[in-house]
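Some notes on the structure that comes next.
Keep in mind that the numbers below use all heavy atoms, side chains included, and drop hydrogens, waters and symmetry copies.
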Amino acid sequence: MSERSPAPGGLELVRTLVNTLDVETGADSLDSAEGRAPFGLTEDDVPAARDLRESLRAALLAHAGHPPHRAVTPLGDLLAGAPLVVTVDTGDGSAALAPARDGSLLARVAAAVAEALVAGTWIRLKACEAADCHWAYYDRSPAGRGRWCSMQVCGARAKMRRYRAKEA
């Protein structure tokens with residue numbers, strides 16, 4: 001739904017995964033082979049990917065100051081099982097957390113979250129506050145107080161609802 005630009009670094013993987021479900025219509029791109037391909041998922045991987053996606057959505061809602069949309073496995077519990085390794089570049093000595101040899105979606109997400117945590121960008125990845133949306137977006141507002149994935153759609157709807165409630 002959002003016209004916003006991609007999230008920085010590995011957070012784009014997280015944003016893209018969360019946005020595989022259109023909450024308003026119920027369409028889930030993980031239902032198709034084409035929708036699973038960018039994540040390297042098989043049909044058997046889908047239930048775990050959905051659990052991860054909804055745990056991520058709950059965390060992104062929390063970043064925006066909202067309660068979870070439903071009961072989910074805590075994201076920390078899921079990420080605790082992610083195989084990560086510390087890599088050190090021989091050229092410049094820089095270090096990073098990276099997925100271990102299997103490169104699973106869980107490990108790639110854990111590495112992206114760790115990278116974003118260090119960069120200070122994790123808290124800026126949010127889920128739209130609109131209950132019929134919850135689309136993930138990267139909040140680039142100066143104060144970090146963005147509330148909707150799109151001011152033209154979700155923001156406008158919320159403002160119109162508030163206006164109509166005052167008039168009633």
Side-chain angles (χ1 to χ4, degrees), residues 1-23 28-30 34-41 45 48-69 72-130 133-155 158:
M1 176 174 293
S2 177
E3 73 285 345
R4 292 181 184 244
S5 58
L11 284 182
E12 183 58 15
L13 170 67
V14 175
R15 189 190 69 79
T16 303
L17 176 60
V18 171
N19 291 345
T20 58
L21 175 67
D22 183 330
V23 172
D28 188 343
S29 64
L30 296 181
E34 299 82 32
R36 293 187 298 269
F39 306 103
L41 298 173
D45 298 327
R50 286 185 174 136
D51 287 345
L52 177 59
R53 174 184 67 198
E54 297 312 313
S55 292
L56 285 164
R57 188 182 317 277
L60 302 186
L61 282 164
H63 288 174
H66 303 292
H69 59 303
V72 297
T73 303
L75 183 59
D77 292 354
L78 291 176
L79 296 182
L84 297 176
V85 296
V86 176
T87 60
V88 180
D89 186 285
T90 56
D92 66 6
S94 61
L97 278 176
R101 63 194 165 279
D102 74 345
S104 68
L105 178 60
L106 180 63
R108 289 182 288 146
V109 166
V113 170
E115 171 195 324
L117 185 61
V118 170
T121 56
W122 170 239
I123 200 75
R124 291 255 183 174
L125 190 62
K126 299 178 179 180
C128 181
E129 76 173 36
C133 181
H134 292 319
W135 206 250
Y137 67 95
Y138 187 76
D139 182 2
R140 296 182 188 280
S141 67
R145 293 188 186 146
R147 299 171 60 186
W148 303 288
C149 64
S150 167
M151 264 314 291
Q152 289 73 29
V153 179
C154 292

Minimum-distance pair of heavy atoms, taken over all atoms of [X] and [Y]:
X	Y	answer
A127	A64	O-CB, 3.9 Å
P83	A107	O-CB, 3.5 Å
S5	R140	OG-NE, 3.0 Å
A7	L125	CB-CD1, 4.3 Å
V88	G93	CG1-O, 3.7 Å
V85	P99	CG2-O, 4.1 Å

How long is the gap from [atom1] on [X] to [atom2] on [Y], to the nearest 0.5 Å?
X	Y	atom1	atom2	value
E129	L61	CD	CG	9.5 Å
T16	R53	OG1	CZ	12.5 Å
E115	W122	CD	CH2	12.0 Å
L60	H66	CG	NE2	11.5 Å
T87	L97	OG1	CG	7.5 Å
R50	L30	CZ	CG	6.0 Å

Indicate yes or no for a side-chain donor-acceptor contact from [X] to the backbone of [Y] under 3.5 Å, with no hydrogens or angles considered.
X	Y	result
N19	A136	yes
R124	Y138	no
R57	H69	no
S55	V72	no
T20	S29	no

Query - Worked verdict on D45 versus F39 for side-chain contact (heavy atoms from CB on, under 4.5 Å) - result: CA-CA 10 Å; D45 298 327; F39 306 103; over 6 Å; no

Requested in this report: Report the C-alpha distance between L21 and E54 in whole Å, list the side-chain angles of each, state the deciding distance to 0.1 Å, and finish with yes or no for side-chain contact (heavy atoms from CB on, under 4.5 Å).
Outcome: CA-CA 9 Å; L21 175 67; E54 297 312 313; 3.7 Å; yes

Requested in this report: Could you check L79 against L106 for side-chain contact (heavy atoms from CB on, under 4.5 Å), going step by step and ending with a plain yes or no?
Outcome: CA-CA 7 Å; L79 296 182; L106 180 63; 3.8 Å; yes

**Report entry** Chi angles and distances behind the side-chain contact (heavy atoms from CB on, under 4.5 Å) call for L17, R108
**Finding:** CA-CA 11 Å; L17 176 60; R108 289 182 288 146; over 6 Å; no

Report task. Would you mind reporting whether L52 and L75 have side-chain heavy atoms less than 4.5 Å apart? Result ->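 Touching, per the 4.5 Å side-chain cut-off.
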
